[in-house]
Amino acid sequence: MKTPAEMWSYLRANIRKEWKTAFWTVFILGLLIHFPVMAGDYPNHDGLASMYFDQNMITSGRWFLMAACGISSYFALPWVIGLLSLFFLGIGAAAMVEFLDVRNEPGVMLLSGLLVSFPALSSTYAYIFTADGYMLALCLVFLAVMFTKRGEWGFIPGGICLAFSMGTYQSYLSFAMLLSIYGCLMILFGEASVERKCRNILHYLYMGLIGVGLYYVVLQVLLRVQGKELDTYQGIDGMASGGGGSLMEKFVHIYQDFLAFTGKGNVLYNNMISFAALGLIGAAAFVLSVRLVIRRKYYKKWYFYPICLSVIVMVPAAFNVILLISPEVTYHLLMRYQWCLFPILMLGFLLRYGFLQTELSGQFSPLHRRDAKVLKKPSVICNIILQWAVLLAAMVLILHYGVTDNIAYSNLQKKYEKSYAYCLRLADRMEQTEGYYTGMPVAMIGVQNKENLPETDITGGVTSNMIGMTGDYLIYTDNNYQAFMKHYLGVTINLVTDEEMERIYATKEYQALNSFPQEGSMKVVDGILYIKTE
């Protein structure tokens, strides 16, 4: 057994330089990009009810979320949760670059930058109360595929990591599937024997089977121990049966959603600059793929075309695997984090196989001889130009994603400020209503009358798919009012029951009220304060 000092020395000697680069890139760049939401306290509509939340989401299949979020306590602490989430994501980035076999530091920094800047992370931070747990889940996915690739029996710890990841947040299963597909392709077109290729590919299958199987077994045991059943929310209760609808209908839905979000989702790109940057990386990766196929004569091998067809079929399904469980699921952007793998895998492929290689042997080999004769070769000149072009394109994408994140954070802050001002006016009007007293029953719907309020959100073109970040106000329901005014204004609202509200809603007294902020929008009737905001 090693002493703490010996363990520290061992870690310093065995942690690779590229791992450190990946970790610190994520941590430092993450602070620079996401500092506004980490240093502020700007909840979204779900966050209003989660100022303290024990994260017991066993009925949603997330049996490990309670433990994952327990490290930061169950209070909504943006700074603590933000730092922890970047710590977990940094470890995940180190595992990711190890899986992708990227060794040069600029490449590691670009890959890590794409991971930490992608807008799905900012959407996750809009739900800050659970962000650290989700980033731990993503870290475990990266560790799962890395272990599977690196060790002869790595699929066992890989499967365990996948099970705990799914037990925290099931949507990141897509990461595991997409990275496994990429890993299998690298094996198929590598230089190993057929037997070794088959064995290594099967390792990814074993990892998946162990992970999903262990996740499901633990879930069923804990459900029985707690005497609970899976919830109907987002169709999670259909997990065992595979959800409703035929398999063909699900695949049609999957491909339609994949194409629609990829092409018009305003996330991968939302202007011509980001489109050009992503297109350049994609074109470079495509050209390199064709070059590899031609130089290694893969097109002459019988299995090449079935593999290409299988990849075309599997990739959209892997991106949207959650739709196989529940075709009616409402896809939030935080459930689409896997789209960051578009630029990451293309760039990783270029870094792994494409830059300044004398032989396309699958190993990165930078040019060492820089005499004038070599540098004048057209192939070398083109390759150097390509390096700079791809480097700048990746940097542009990172900058674009970071700006998009901060546009969303700016609107989230403005939503909070406007909601605060709105609720302050509402509380003042309540206290001035004749017959009002603190703690009296309140009857309200909670829907705001948009005709009486100016539209001020100018970010819709950027944040249209970022649920929780777009719009003018945080308030959507009576419970939102209750939570916001309790936690941020210190005002008590005791809402009547839903059944009582249905009765009151149909009364002449309620319908005769004007909509807030007009005069006559509140009235005390039979000891109940009627408030009409709709």
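With a 4.5 Å cut-off on side-chain heavy atoms, Leu77 and Ile128 do not count as touching. In this structure, Tyr401 and Leu268 have side chains that are in contact, with non-hydrogen atoms separated by less than 4.5 Å. Within the 4.5 Å cutoff, no side-chain heavy atoms of Met166 are placed close to those of Tyr216. Looking at Ser174 and Met335, their side chains never come closer than 4.5 Å, going by heavy atoms from C-beta outward. No side-chain heavy atom of Glu18 sits less than 4.5 Å from a side-chain heavy atom of Leu111. Annotation: side chain of Leu386 is not in contact with side chain of Val287 (no heavy-atom distance under 4.5 Å). In this structure, the side chains of Met395 and Leu399 stay at 4.5 Å or more apart for every pair of heavy atoms. Residues Tyr172 and Tyr134 meet the side-chain proximity criterion, which asks for heavy atoms closer than 4.5 Å.
Ion pairing between a basic and an acidic side chain is recognised when a charged N comes within 4.0 Å of a carboxylate O; Lys418 and Asp457 show no such pairing.
Thr470 places no side-chain N or O within donor-acceptor distance of the main-chain N or O of Met466, the cut-off being under 3.5 Å. Although no hydrogens or angles enter the test, the distance criterion places no donor-acceptor pair under 3.5 Å between the side chain of Asn411 and the main chain of Ala408. Under the 3.5 Å distance criterion, the side-chain polar atoms of Ser165 are matched with a main-chain donor or acceptor of Ala137. Arg336 places no side-chain N or O within donor-acceptor distance of the main-chain N or O of Phe261, the cut-off being under 3.5 Å. Gln170 places a side-chain N or O within 3.5 Å of a backbone atom of Ser60 that can act as its donor or acceptor partner. A distance-only check finds a donor-acceptor pair linking the side chain of Ser72 to the backbone of Cys69 [under 3.5 Å].
Residues Tyr74 and Asp54 share a closest heavy-atom pair of CE2-O, 3.4 Å. Here the shortest heavy-atom pairing between His203 and Gly151 reads ND1-O, 4.3 Å. Ala68 and Thr168 get closest at one heavy-atom pair: CB-CG2, 4.0 Å. Listed here is the closest heavy atom pair of Val116 and His34: O-NE2, 2.8 Å. In terms of heavy atoms, Leu412 sits closest to Met469 at CD2-SD, 4.0 Å. Closest of all the heavy-atom pairs between Ala163 and Gly211 is CB-O, 3.3 Å.
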Q: Please step through side chain to side chain contact (heavy atoms under 4.5 Å, CB included) for the pair Ile33 and Leu121, ending with a clear verdict.
A: CA-CA 11 Å; Ile33 293 174; Leu121 180 55; over 6 Å; no
Q | Worked verdict on Phe155 versus Trp153 for ring pair (Phe, Tyr, Trp, His ring centres under 6.0 Å) | A | CA-CA 5 Å; Phe155 59 86; Trp153 296 93; 5.8 Å; yes
Q) What do the steps show when you test Phe342 against Phe319 for ring pair (Phe, Tyr, Trp, His ring centres under 6.0 Å), and what is the final call? A) CA-CA 10 Å; Phe342 262 114; Phe319 270 99; 5.1 Å; yes
Q | Derivation and outcome, side chain to side chain contact (heavy atoms under 4.5 Å, CB included), residues Phe349 and Leu185 | A | CA-CA 11 Å; Phe349 176 65; Leu185 288 175; over 6 Å; no
**Q.** Evaluation steps, side chain to side chain contact (heavy atoms under 4.5 Å, CB included), between Thr130 and Ile81
**A.** CA-CA 8 Å; Thr130 193; Ile81 292 173; over 6 Å; no
Q) Going through the distances and angles, do Thr25 and Val108 end up as a side chain to side chain contact (heavy atoms under 4.5 Å, CB included)? A) CA-CA 9 Å; Thr25 299; Val108 170; 5.6 Å; no
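For an aromatic pair to be called close, the ring centres must be under 6.0 Å apart, and Tyr337 with Trp339 fails this.
Distance check: Phe118 CZ to Ile398 CD1 gives 12.5 Å after rounding to the nearest 0.5 Å. How far SG of Cys423 is from OH of Tyr488: 11.5 Å, rounded to the nearest 0.5 Å. Summarising the geometry, atom CG belonging to Leu489 is positioned 13.5 Å from atom NZ belonging to Lys486; distances are rounded to the nearest 0.5 Å. The distance from atom CG of Leu162 to atom CE of Met177, rounded to the nearest 0.5 Å, is 10.5 Å. Taking CG from Leu341 and CG from Leu178, the interatomic distance works out to 5.5 Å, rounded to the nearest 0.5 Å. Atoms CD1 and CG, on Ile201 and Leu188 in that order, are 3.5 Å from each other to the nearest 0.5 Å.
Around CD of Glu455, the count of heavy atoms belonging to other residues, nucleotides or ligands within 6.0 Å does not exceed 12. Summarising the local packing, CZ of Phe87 is surrounded by 12 or fewer heavy atoms from other residues, nucleotides or ligands at distances under 6.0 Å. Environment of CD1 in Ile273: sparse, with no more than 12 heavy atoms of neighbouring residues, nucleotides or ligands closer than 6.0 Å. Within 6.0 Å of the CH2 atom in Trp19, the count of heavy atoms belonging to other residues, nucleotides or ligands exceeds 12. Summarising the local packing, CE of Met109 is surrounded by 12 or fewer heavy atoms from other residues, nucleotides or ligands at distances under 6.0 Å. In the displayed structure, Tyr206 atom OH is contacted under 6.0 Å by at most 12 heavy atoms of other residues, nucleotides or ligands. Tyr476 OH: more than 12 foreign heavy atoms inside a 6.0 Å radius. Atom CD1 of Ile458 has 12 or fewer heavy atoms from other residues, nucleotides or ligands within 6.0 Å.
With sequence neighbours left out, the side chain to side chain contact (heavy atoms under 4.5 Å, CB included) criterion links Cys161 to Leu140, Leu143, Ala144, Phe147.
The one candidate from Tyr127, Tyr125, Tyr416, Tyr420 that meets the ring-ring contact (aromatic ring centres under 6.0 Å, His included) condition with Tyr42 is Tyr416. Between Ser123 and the choices Asn44, Asp405, Leu333, the side-chain contact (heavy atoms from CB on, under 4.5 Å) rule is met once, by Leu333.
For the residue pair Arg291/Tyr353, the side-chain donor-acceptor check at 3.5 Å is not satisfied. In this model, a donor atom of one side chain and an acceptor atom of the other lie less than 3.5 Å apart for Lys414 and Ser410.
Below 30°, between 30° and 60°, or above 60°: for Tyr182 and Phe99 the angle between ring planes is between 30° and 60°, a tilted geometry.
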